[in-house]
Structures are given as C-alpha cells and as structure tokens.
Amino acid sequence: MDYNKLAQMLFPDVEHTPEYYEEKFPYRKLPAKAQVTRMAPSPTGFIHLGNLYSALADERIAHRHGGVFYLRIEDTDEKRKVDGAVELIIDTLRYFDIEFDEGAGFPDDAPQNIYGPYFQRQRVEIYHAYAKNLVERGLAYPCFCTEEELEAVRQKQEADKALTGYYGEYAVCRNLSLDEIEKNLADGKPYVLRLRSQGSPDREIIFKDSIKGEVKLPENIHDIVLLKRDGIPTYHFAHAIDDHLMRTTVVVRGGEWLASAPVHYELFHVLGFKMPEYAHTAHLMKFDEETGGKRKLSKRKDPELSLDYYRQDGYHPYCMKVYLMTLLNSNFEEWHEQFPDKDINEFPFSIDKMSQSGALFDKDKLHNICKNELSKLSEEELFDFLYTWADENALEKKDIWFADREKLLDILRLYMGVGMKRRRKDFMYAKQVFEMISYFFDDEDSSQEKDAFRLDGSEVREILSDYLSEYDHSDDNSAWFNKLKAIADRHGYASDMKAYKAAPDNYKGNVSDVAEVVRIAVTGRANTPDLWSIVHIMGEEQMRQRIESAMSQN
Ligand code: GLU
C-alpha cells in the first residue's frame with residue numbers, strides 16, 4: 001500500500017507537517033517544579049461543584065510553583081454547545097476566586113495566548129496535519145462502514161461471545177486496498193478516520209496516576225475513531241494533540257476517563273509524544289439517606305451540585321474554597337487550624353494527598369466551615385459581601401435591609417459577637433443571615449415562622465403587660481434585667497438561679513423562662529443574642545408594637 005498516496009488523497013489541503021507545529025509551540029520556559037494544567041470543559045452551559053473541585057486542584061497545582069493554568073474549550077460536539085457557556089465558566093470560576101492565566105476568554109492577541117487557538121473547532125487544520133502523518137505511516141485509515149454495518153459486526157461479536165468493538169479481524173476497512181478506497185471516495189461515501197491499533201490483548205500498560213497510584217490496564221486494541229465524518233476529532237485524538245502542543249504537564253480530569261487511558265497511552269505513543277502526568281479525580285459523593293450508603297451527586301436529584309445554588313443562597317466564595325480544600329487534601333484542615341491567619345494559597349497543596357475514592361460532600365461540614373470563616377470577617381467585610389449578594393440577586397428587600405447602614409452594622413456586630421471574648425458563629429450564608437435577622441426589618445404581618453411560646457396564653461399576656469408597664473428605654477442592661485427578675489418573682493418564677501436549682505419544684509420556672517417570653521414576643525425567636533442590645537438597635541417603638549401584637553394574638 002502506498003500510504004503517502006493515501007494520505008494525499010485524504011488530506012490534499014493540509015499545509016503543515018507536525019514538525020511545523022512542534023516548532024510553533026515550543027516547550028514552555030517555566031521555573032523548576034512549575035506545572036501546566038488546564039480546564040477543558042465542553043461548553044454545555046452547566047458548571048457544577050465537581051468542576052470547581054477539579055478547577056481548584058488545577059489552579060493550586062499550577063500556581064503553587066509559578067506554572068500556568070489555562071482554559072481550553074472542547075466544542076467538538078456541536079449539538080451540546082450552548083451560547084454564553086464560556087463566559088459562564090469564566091465568570092463562575094472568577095466568582096469563586098479562580099483565575100485562568102491563558103486560553104479561551106482572553107483576546108486572541110493577548111501576549112500569553114501563544115498556544116492557541118483554544119477552541120477545538122478552530123484547531124481542525126492542526127488535527128488534520130497529525131492525522132495525515134499517521135496515515136503516511138500506516139497508522140490510520142479511512143473506514144466507510146455504515147451504522148448498519150457496524151451494528152451487524154456488533155451482533156456477530158455478541159453471537160461469537162467476542163469483545164465488541166472495531167478491532168482485528170472485525171475491522172473490515174483495515175485492509176481495504178488503495179483502489180477500493182479511491183473508488184469509495186470517488187463515490188462520495190462518507191468515512192471516519194480510524195487508528196490502526198498496534199495493541200495486543202495479552203499485554204498491559206502500566207502507568208502512575210498521581211491520584212490512583214500505579215494503574216495496570218490491558219493495552220488498547222480498538223481501531224478507535226480519530227476524526228469523525230465531518231473531519232472533527234474525537235475527544236481522544238484532540239486530547240492527545242492539544243495537551244501535547246499546549247504543553248500541559250498534568251492532566252487532572254474526571255475518573256470516568258481512566259478507562260480510556262489505554263487509548264490515550266497508545267495515541268501518545270504512536271504520535272511520538274511524551275505522556276503528561278495524569279490525575280484522575282474521585283467523584284463527589286454524598287450520603288444517601290434512602291439507602292444509607294454513598295452515591296454520586298446527581299444533577300437531577302441534588303440541587304447542591306449546581307454552583308448557582310451556592311451563589312443564589314449567598315455562600316461566601318472563600319468558605320467554598322476552604323471547604324473544597326478540605327475535600328481535596330486531607331491534611332489541609334489541620335494546617336488551616338494551625339495557621340488560621342495564613343493565606344490559604346500558602347498551603348503546600350499536593351496531588352498525592354487527593355482522595356482516591358469518592359470525596360464525600362457533606363453539607364453540615366460545609367456549614368461548619370461557613371460559620372467559622374464568616375466569624376473571622378469584620379462586620380464591614382460581611383456587610384459588603386451581603387450587599388453585593390443582595391445586589392447581584394436583585395433582591396426585593398435590598399432597599400429595606402440596607403436603608404440604614406449603621407443599624408445593619410450594629411446588628412452584624414451583635415450577631416457576630418464583635419468585641420466579645422469569643423465570636424459567635426451563627427451565620428452560614430447570606431440568605432440564612434437575613435432569615436436570622438429579618439425581624440428587625442419585617443413589618444407586623446411578616447410570614448416568617450415564629451417560635452411558639454412555651455407558657456400558656458394568659459401567662460404570656462400577663463408577663464408581657466407587666467414588662468411593658470415597667471419598661472424604661474433609658475435603663476441600662478442590668479437595670480433592665482433587674483426589672484425582668486422582679487417580674488419573674490412576681491409571677492412565681494425564680495429570679496435567683498441558685499435558689500431555683502436548689503428547689504426547682506418551688507417555682508413555675510426561672511427568669512430565663514420569663515426572658516424567653518419577651519424574646520419571642522420581640523423577635524419571634526427563642527434563641528437570639530443579648531435581648532437588651534436587640535431592643536436598643538430596634539428602638540422602643542418597634543419593640544412595643546411587637547409586644548402588643550404578641551399580646552393580642554395570645
Ligand atoms: N471535555 C472533557 C469533559 O468535559 C474534558 C476531559 C478532560 O479534562 O480531559 O469531560
């Protein structure tokens with residue numbers, strides 16, 4: 001077979017050779033240890049927590065030693081493409097504090113964008129140059145099989161109990177003569193370009209995956225498709241060429257690609273490329289209450305897989321980052337506790353500490369991290385974050401919440417415990433913050449659910465009535481509390497905790513039960529920070545209205 005002739009027949013218009021591209025895209029000059037990583041999404045318009053998880057790993061691996069993290073768009077599947085998907089990816093990752101150094105999203109003539117184009121559909125001539133070269137070397141051939149013919153092969157294999165796929169004796173187009181090919185081409189028959197696999201079923205490939213460790217898999221024997229009928233490459237072919245020419249050093253990608261590693265191993269080999277380091281990530285799993293076991297997070301069942309979910313509810317991006325770091329590297333949490341003031345980017349991130357089996361997504365853990373991290377902010381920082389969130393989500397009540405900056409700051413200070421020995425840790429995410437403090441802003445007919453009084457209605461009314469008649473807004477905290485104690489005594493509740501503990505049966509309860517009545521009447525909640533402070537942020541008028549309304553409803 002004259003392979004050169006075949007190559008010329010199939011690719012008459014290819015202008016350049018692989019050598020041309022090798023020279024055009026030289027190895028990157030980088031500091032020692034620096035790694036080049038990439039995110040290579042298909043532009044489907046959905047970006048999820050798993051993407052953020054790997055993107056953060058990519059970003060840390062690259063930036064830890066001054067490497068490069070770039071964005072390549074794998075848009076070979078026209079059907080799945082969604083407008084605006086690239087902007088969405090960049091914008092979402094930026095929101096979560098992850099920036100690319102290069103690639104899609106930067107102008108073509110940006111000085112760092114010298115390994116482009118970064119959209120696969122714009123790289124077709126590059127793929128064709130390498131495809132032509134493989135044909136010249138007898139390592140790729142056109143396959144004219146129709147869907148029906150492929151289906152017939154599959155059925156025969158099933159009947160023979162043979163491995164399904166296009167390989168060996170089943171690969172009928174493997175041995176077409178040049179004349180047959182020429183005739184098919186002249187007849188305008190569509191074809192795909194296939195690899196002429198050199199693999200053998202009784203050999204294995206062995207490589208070291210940075211997460212999974214040593215991986216042994218049977219060699220690829222399939223004559224896999226390199227170029228589809230429209231000349232667009234498959235993921236496999238594009239992956240090998242792009243990651244080689246863009247000089248990626250570490251490929252972090254979903255574990256579902258591990259099974260294809262033998263194909264990639266063979267492709268890198270026949271193309272004469274050095275293999276990058278692979279890191280196949282574990283799936284994000286969650287605890288499934290129905291089965292009591294672990295399962296993969298699913299787009300359909302789990303709204304928390306979507307990154308929009310966290311943005312809409314106002315999870316602070318920094319908290320998300322800290323949480324994902326704890327999932328990514330098991331030793332991060334300890335480090336962060338030991339050096340709470342250090343920039344988390346200083347953490348010595350390492351791929352081999354990444355979880356091998358499914359990383360377990362745990363919302364309670366995320367919430368604990370949120371509580372901790374938000375409590376470290378200043379009230380102004382939290383204010384600004386809340387404001388941006390309310391603004392970005394065009395929240396209806398924004399004008400009411402932010403009408404009085406000092407009032408909101410006072411509320412935040414109180415709830416965060418600013419100035420106290422220990423910070424309070426009540427806040428988790430923006431939406432929850434406003435649910436917690438909404439009573440400061442709601443009008444009477446608010447639909448917010450209120451905690452129920454534990455005492456009966458007449459008792460509640462009497463206590464509240466007493467409270468109102470004695471109330472003096474100029475009382476300081478202790479004078480105010482002394483009045484509550486006096487009310488407690490009058491109603492048969494112990495004002496002295498020691499006395500109460502010594503003989504609880506002598507009382508209906510103690511002063512904290514009385515305080516709770518007032519607290520629920522004023523705030524609708526049984527648990528709040530210091531009530532006197534709340535009343536003084538709220539003002540006397542609103543407090544009186546609240547109490548009167550509670551009296552009339554009980
Ligand atoms: N486009 C592939 C995907 O979205 C990329 C896999 C990879 O990172 O190589 O799954």
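Whatever order the structure lists them in is the order used to number ligands and atoms, beginning at 1.
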Q | Distance-only polar pair, side chains of Thr248 and Tyr70, donor-acceptor under 3.5 Å | A | yes
Sorted by chain and number, sequence neighbours left out, ring-ring contact (aromatic ring centres under 6.0 Å, His included) with His316 holds for Phe385
Pairs under 3.5 angstrom only: tabulate donor-acceptor contacts from the side chains of residues 280-287 to other protein residues two or more places apart or in another chain.
residue: His280; atom: ND1; partner: Asp209; partner atom: OD2; Å: 2.6
residue: His280; atom: NE2; partner: Arg253; partner atom: NE; Å: 2.9
residue: His280; atom: NE2; partner: Arg253; partner atom: NH2; Å: 3.2
residue: Thr281; atom: OG1; partner: Arg253; partner atom: O; Å: 3.4
residue: Lys286; atom: NZ; partner: Asp302; partner atom: OD1; Å: 3.1
residue: Lys286; atom: NZ; partner: Glu304; partner atom: OE2; Å: 2.7

The answer, listing residues by chain and number that come under 4.0 Å of ligand 1 through any heavy atom, is Arg38, Ala40, Ser42, Glu74, Tyr235, Arg253, Trp257
*Just wondering, more than 12 heavy atoms not from His336 lying within 6.0 Å of its NE2?*
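For His336, atom NE2 is crowded (more than 12 foreign heavy atoms under 6.0 Å).
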**Prompt:** Does CD belonging to Glu346 count more than 12 external heavy atoms closer than 6.0 Å?
**Reply:**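 For Glu346, atom CD is crowded (more than 12 foreign heavy atoms under 6.0 Å).
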side-chain contact (heavy atoms from CB on, under 4.5 Å) filter on Asp2, not counting sequence neighbours, yields Asn4, Lys5, Leu178
